[in-house]
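Accompanying notes for the structure given below.
Start at 1 with the first residue, then count along the sequence. Side chains included, hydrogens not; waters and symmetry mates left out as well; all remaining heavy atoms used.
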Amino acid sequence: MTELMNFDEVTANFDPVLGIEVHVELSTKTKMFDGAPNAFGGEPNTYTTPVSLGMPGALPVVNKKAIEYAIKLGLALNCKIAESCRFARKNYFYPDLSKNFQTSQSDEPIAFDGYLDIELDDGEVFRVEIERAHVEEDAGKNTHVGGEGRIHGADYSLVDYNRAGVPLVEIVTRPIFGTGARAPEVAAKYVQTIRDIARAIGVSDARMERGNVRADINVSLRKDADAPLGTRTETKNVNSFKAIAAAVEFEMRRHGAILSAGESVLQETRHFQAADGTTLPGRPKSDADDYRYFPEPDLAPLAPSREWVEELRASLPELPAAKRRRLHAEWGVSDMEMRDIVNADALDLIEASVLAGATSAGARKWWMGELARYAKDKEIELAEVPVTSQNVAELDGLVESGKLTDKLARQVLEGVLAGEGTPAEVVAARGLEVVSDDGALNAAVDEALAANPDVLEKIRGGKVQAAGAIVGAVMKATRGKADAARVRELVMERAGL
């Protein structure tokens with residue numbers, strides 16, 4: 001492998017140019033052109049029909065819901081929606097497309113000329129120009145057996161066509177200029193912003209670990225902003241934000257070393273290696289002409305009416321950027337706190353808990369604290385934690401009402417996570433509610449004072465902090481369930497204060 005150039009040296013000597021293709025699988029019930037289920041998992045080759053398998057004589061029919069979702073996504077990306085567009089056949093042979101072509105859109109995409117403003121970690125807003133967002137069908141999945149799971153060195157390969165024909169939108173940027181040293185961050189934030197939008201408007205499950213959202217990252221270097229574009233490489237199917245940033249940085253360093261040595265970059269696809277953050281070569285990259293696009297003869301052109309487009313525009317919910325600005329103001333959090341919430345994918349969870357009755361501070365505390373640690377320990381997404389927003393709101397309400405201390409609330413949360421029921425059910429089953437009955441507390445205070453006879457005199461003499469010993473003893477005797485504030489009041493009453 002070519003020795004890598006230092007990243008700072010790359011950005012000092014070259015101008016990086018990015019191009020990003022984001023693939024968003026749409027969450028329709030059926031596939032793009034047939035009635036096969038659009039579902040994740042399942043036994044291999046069970047979610048298929050003659051159409052998705054490309055059998056001779058099987059005719060496709062366009063999924064209207066997929067077109068609706070594509071238009072909504074295009075509108076959310078500030079795109080124009082075509083008055084007329086059509087499908088084309090993209091010809092190439094891959095074993096995961098058994099009909100030997102992909103039904104896609106070529107020179108007539110459904111959405112075009114858009115842009116997306118993305119917010120970087122320091123609050124800077126960077127605009128990415130979008131050339132097009134077109135509809136196509138996904139391919140199946142190849143599993144290479146033997147070797148290291150790659151086709152090179154594998155003993156044989158298996159093909160699962162369950163994903164073949166799943167509807168997706170491919171969003172293609174124009175060349176992204178002016179990123180400089182922030183190129184890795186810009187790439188990752190751009191894909192994250194699209195993921196958030198797709199999820200917010202309800203057109204995709206947008207789970208990157210399942211491949212619902214994945215990106216092809218094109219990187220090239222040129223000497224300066226006035227020089228011609230350099231030769232690009234395309235790192236395929238990157239499906240995490242961390243990996244996207246790492247792939248951009250690695251390719252920039254690799255290109256920089258090659259160009260500085262007076263050599264030429266080969267235009268090719270690359271494959272990201274999560275284990276060490278490197279990329280490996282795939283195949284020489286074809287240009288569009290090599291795909292021999294021609295109009296799909298079995299599908300009529302699409303002509304979405306302007307009335308329908310405007311209805312879909314009006315149906316769009318509040319988009320993530322606007323929601324962040326609104327909640328930032330409503331919750332009164334700092335810029336850094338808001339970035340942490342967004343980066344943890346906790347914004348919607350916290351908002352849902354607040355809508356269910358939690359205080360914003362309480363919802364943030366539980367989701368960003370105990371629950372975030374639980375998700376990290378279990379290596380799952382925060383949204384996959386077995387606690388609902390209603391649970392968090394109920395727990396926060398018990399704390400706010402004084403029925404639980406913070407320590408007891410953590411025990412209750414442990415029970416909820418263990419599947420013992422709602423917070424109220426866990427409190428009842430474990431007997432965790434705060435002891436606030438004066439009769440029980442008076443008895444506990446008297447017992448603690450009897451064991452510490454000098455405390456009252458110390459308090460009367462001005463050493464008010466001495467009351468802490470009695471409060472601590474009562475808390476211990478009640479296994480942390482006493483209302484500490486009320487215990488202190490009772491001690492003060494005994495001291496005549």
Look only at the side chain of S27 and the backbone of V203, and say whether a donor-acceptor pair between them is shorter than 3.5 Å.
-> yes
Sorted by chain and residue number, the side-chain contact (heavy atoms from CB on, under 4.5 Å) partners of A181 (sequence neighbours excluded) come out as F7, T11
Return yes if some donor-acceptor pair links the side-chain N/O of S353 with the main-chain N/O of L349 below 3.5 Å, else return no.
-> yes
Please answer whether the main-chain N or O of N162 pairs with a side-chain N or O of T48 as donor and acceptor at a distance below 3.5 Å.
-> no
Side-chain ion pair, E337 and R339, N-O less than 4.0 Å | no
Hey, mind stepping through S220 and H255 against side chain to side chain donor-acceptor pair (under 3.5 Å) and telling me if it holds?
-> CA-CA 7 Å; S220 67; H255 285 213; over 6 Å; no
Look only at the side chain of N63 and the backbone of K31, and say whether a donor-acceptor pair between them is shorter than 3.5 Å.
-> yes
Where do T279 and R270 land on the side chain to side chain donor-acceptor pair (under 3.5 Å) test, with the steps shown first?
-> CA-CA 6 Å; T279 69; R270 307 280 296 184; 3.0 Å; yes
Only one of K90, R89, K99 passes salt bridge (Lys or Arg N to Asp or Glu O under 4.0 Å) with E137; say which it is.
-> K99
Sequence-distant partners of E311, side-chain hydrogen bond (donor to acceptor under 3.5 Å, both in side chains), two or more places apart | none
To the nearest 0.5 Å, how far apart are CD in E296 and CD in Q102?
-> 12.0 Å
Please identify each residue that fulfils side-chain hydrogen bond (donor to acceptor under 3.5 Å, both in side chains) with N6, with sequence neighbours left out.
-> none
Are I171 and V169 close enough, and set up right, to give a side chain to side chain contact (heavy atoms under 4.5 Å, CB included), and what steps lead you there?
-> CA-CA 6 Å; I171 304 157; V169 172; 4.0 Å; yes
Mind listing the closest non-hydrogen atom pair of A70 and L26 along with its distance?
-> N-CD1, 4.4 Å
Check: Q105 side chain, V135 main-chain N or O, donor-acceptor pair, under 3.5 Å = yes
Could you list all the salt bridge (charged side-chain N to carboxylate O under 4.0 Å, His left out) pairs where at least one residue sits in residues 158-171, not counting sequence neighbours?
-> D138-R163
Donor-acceptor contact below 3.5 Å, side chain E185 vs main chain D121 = yes
Got a sec, which pairs hit ring-ring contact (aromatic ring centres under 6.0 Å, His included) with one end in residues 99-132, sequence neighbours left out?
-> none
Can we say D196 and K189 salt-bridge, meaning some charged N sits less than 4.0 Å from an Asp/Glu carboxylate O?
-> no
Can we say R182 and D122 salt-bridge, meaning some charged N sits less than 4.0 Å from an Asp/Glu carboxylate O?
-> yes
For R306, salt bridge (charged side-chain N to carboxylate O under 4.0 Å, His left out) partners two or more places apart = none
By side-chain hydrogen bond (donor to acceptor under 3.5 Å, both in side chains) - contacts of R364 (at least two apart) = S360
What pairs of residues pass the salt bridge (charged side-chain N to carboxylate O under 4.0 Å, His left out) test when at least one of them lies in residues 377-392, not counting sequence neighbours?
-> R207-E384
Inter- and intrachain pairs under ring-ring contact (aromatic ring centres under 6.0 Å, His included), touching residues 27-76, at least two apart | F33-F87
Determine which pairs satisfy ring-ring contact (aromatic ring centres under 6.0 Å, His included) with at least one residue from residues 157-215, sequence neighbours left out, and list them in order.
-> none
Can you list the steps and then say if D335 with H328 is a side chain to side chain donor-acceptor pair (under 3.5 Å)?
-> CA-CA 8 Å; D335 292 346; H328 192 174; 3.2 Å; yes
Give the table of side-chain donor-acceptor pairs shorter than 3.5 Å for residues 12-19, with sequence neighbours excluded, one pair per line with atom names and distance.
residue	atom	partner	partner atom	Å
N13	ND2	E9	O	2.8
D15	OD2	R222	NE	2.9
D15	OD2	R222	NH2	3.1

P60 backbone acceptor or donor facing D298 side chain under 3.5 Å = no
Would you verify whether the NZ or CZ of K64 falls within 45 degrees of the ring axis of W308 while also being under 6.0 Å from that six-membered ring's centre?
-> yes
Reported CG-to-CE distance for the pair L327 and M338, which is rounded to 0.5 angstrom | 5.0 Å
Among R324, K323, R325, R326, find the one that has a side-chain hydrogen bond (donor to acceptor under 3.5 Å, both in side chains) with E318.
-> R326
Pairwise distance CG(D113) to CZ(R174) - rounded to 0.5 angstrom = 5.0 Å
Exam field: side chain T28 to backbone T30, donor-acceptor pair closer than 3.5 Å | yes
In chain order, what residues pass the side-chain hydrogen bond (donor to acceptor under 3.5 Å, both in side chains) check against N239, with sequence neighbours excluded?
-> none
